[in-house]
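Accompanying notes for the structure given below.
Order of the sequence lines sets the chain letters (A, B, ...), proteins ahead of strands, with each chain counted from 1.
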Amino acid sequence: MIDLKRLRSEPAAVRAALARRGDAGLGRTLDEVLSLDAERRVILAAVETQKASRNTASQEVARRKKNGESADDLLADLKQSGDEVKRLDQQVREIDTRLDALLLTLPNLPHPDTPEGGPEANRVIRTWGNPSEPTEGCRPHWEIGEALGLLDLPRGAKVAGSGFPVFRGTGARLVRALANFMLELHTGEHGYEEVIPPYLVNQTSLRGTGQFPKFTDEVYKIGDDELYLIPTAEVPVTNLHRDEMLNEGDLPLAYVAFTPCFRREAGAHGKDTRGLIRVHQFDKVELVRLVRPEDSEADHQLLTAHAETVLQRLELPYRVLELAAGDTGFSAARTYDLELWAPGVGAWLEASSASTFTDFQARRAGLRYRPAPGAKPEFVHTLNASGVAFPRTIAALLEVHQQPDGSVRIPDALIPFFGRELIEPLS
RNA sequence: GGAGCGGUGGCAGAGUUGGUCGAAUGCGCCCGACUUGAAAUCGGGUAGGCCCGCGAGGGUCUCGUGGGUUCGAAUCCCACCCGCUCCGCCA
């Protein structure tokens, strides 16, 4: 949710910032918001004046009744005044409803430093490792996974549908090892508290992080109970402190959660969907931070570094992209994507997205803190990053570390969790 | 699923024969006094949102949520949500 007061006081700046997202419809929404807001304040002034005089007269009634005097002469006027209040209140309510609905559809303002333009303007800000050219015997992960007996895509499709992978045997063990490796890293070295949140959430939570009301198509719904499968742990974890008043000393809050994620990926079929590249269910370790506004830019760098550490320890070459204003997600102000190089498929695969949401989610979810004892409450800033998503990481891991003999080398950092140095071909 | 009880300020917890109740009291926190310093003690202060105002300040709304009754609702009525206890069912 953008700040209505700011929109009112500097409409041109807000309009210019939103325009950078490249959606012409946003300007019209702004116009409507502004005009509804103006209308609302006129009616509000009227109804509050009316209420003020009603309250005064009402107190007079109370005083007289207490003294046993008659107040009948006031009651008729008050009745009329009450009806007028009710009428105006109703108008304000209607405007509020429309205003809220519009405000909920407006995306966050992009950070001023984000590149101008759409996806083509995304900027590579650094690359780590040596992305190798695809070589002769270099196979894609689905072939490796099948050959080594790690993956069973056909049976996943049978049981649930396309995009629901089955990891089996050593593959399942690899998933478990990765989960433990990442959780140990983030809880031990990076100072995150591990949480296991609900995997189903209500609509209020989805509105808090920004998936609702605009992106209902992306989320699986459990119709009978009005619950939704989480598309990312960001949703339950960010909402942990919804409508709470935090103390300055509580911040920063840093949570790490290993959860499955469920995404409908409506309309995405046929594009980049082979193997593990785009699936409906996947595991992810997610990092979520609630911080003081003045810390959020530095924290964004820190958070990104935490996610990068995972890839570095797994010895997987990657690049960091700063997303352009037009490609930055709805709730985010600034996002760094971490893309793994997958030599088998010859493509960069997004394994993490590290974003700062400034106060956008905090406004929607009521995440506030008191900067100092006795001070006015302020909204926190929220940030999150995948640390990291499993399927594409596994894809890159298989493709990068595949050996000429068909085996896959396990990177040193993972060996203690995996228990072996090599995944051998099936005999 | 059934029955009962309950949802009040940062926290705990009064208040339900409708009217100076946005709300006692305690804790916490802030300021001050006492003290070499601290503790203890004493005095004072301390909810949030919205609107108007340069400001000082003023107005209004909020006692789970949404409606209703009424001149007036934390208090009465209706619906819903959530929590606790017991029963039923169940991994």
Inset, instruction - Treat a base pair as Watson-Crick or G-U wobble with both distances under 3.5 Å, then lay out RNA chain B in dot-bracket form, 5' to 3', with | for cross-strand pairs. - result: ((((((((.[[[..)...(.....]]]((((((.......))))))((((((....)))))).[[[[[..)....]]]]])))))))....
Of all residues at least two apart in sequence or in a different chain, which pass the side-chain hydrogen bond (donor to acceptor under 3.5 Å, both in side chains) check with [X]?
X	result
A:E339	A:R319
A:S352	none
A:E194	none

Inset, instruction - Let me have a per-nucleotide readout for nucleotides 63-80 of chain B, 5' to 3', with B, S or -, counting only protein heavy atoms under 4.0 Å. - result: ----S-S-BS--------
Inset, instruction - For A:R420, check side-chain contact (heavy atoms from CB on, under 4.5 Å) against everything at least two apart and list the hits. - result: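 Counting only residues at least two positions away or on another chain, A:R420 forms a side-chain contact (heavy atoms from CB on, under 4.5 Å) with A:T170, A:R173, A:F418.
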Inset, instruction - Could I get the full list of side-chain contact (heavy atoms from CB on, under 4.5 Å) partners for A:V279, not counting sequence neighbours? - result: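 Residues passing side-chain contact (heavy atoms from CB on, under 4.5 Å) with A:V279: A:P165, A:F282, A:P391.
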Check residues 249-258 of chain A and write down every donor-acceptor pair under 3.5 Å in which the side-chain atom is one partner and the other belongs to a residue at least two apart or another chain.
from	atom 1	to	atom 2	distance (Å)
A:D250	OD2	A:N247	N	2.7
A:Y255	OH	A:H241	NE2	2.6

Legend entry - Pairs satisfying side-chain hydrogen bond (donor to acceptor under 3.5 Å, both in side chains), at least one member in residues 100-116 of chain A, at least two apart: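 Qualifying pairs, neighbours excluded: A:R20-A:T114, A:R20-A:E116, A:N108-A:T358, A:H111-A:E297.
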Inset, instruction - Would you list the pairs meeting salt bridge (charged side-chain N to carboxylate O under 4.0 Å, His left out) in which at least one residue belongs to residues 298-315 of chain A, sequence neighbours left out? - result: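 Passing the test, one end in residues 298-315 of chain A: A:R126-A:E308, A:E189-A:R313, A:R289-A:D299, A:E315-A:R409.
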Inset, instruction - Please work out which of the three classes, parallel, tilted or perpendicular, describes the rings of A:H190 and A:H306, given edges at 30° and 60°. - result: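 Taking A:H190 first and then A:H306, their aromatic rings lie parallel (interplane angle under 30°).
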Result block: side-chain N/O donor-acceptor pairs under 3.5 angstrom for residues 365-373 of chain A, not counting sequence neighbours:
from	atom 1	to	atom 2	distance (Å)
A:R370	NH1	A:A375	O	2.9

Legend entry - Nucleic acid contacts - residues 34-50 of chain A versus RNA chain B, non-hydrogen atoms under 4.0 Å: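 Residues of residues 34-50 of chain A that come under 4.0 Å of RNA chain B are, in numerical order, A:R40, A:R41, A:L44, A:E48.
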Inset, instruction - Classify the nucleic acid contact of A:N55 as base, sugar-phosphate or nothing, counting any heavy atom under 4.0 Å across all strands shown. - result: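 Here A:N55 touches the backbone only, sparing every base.
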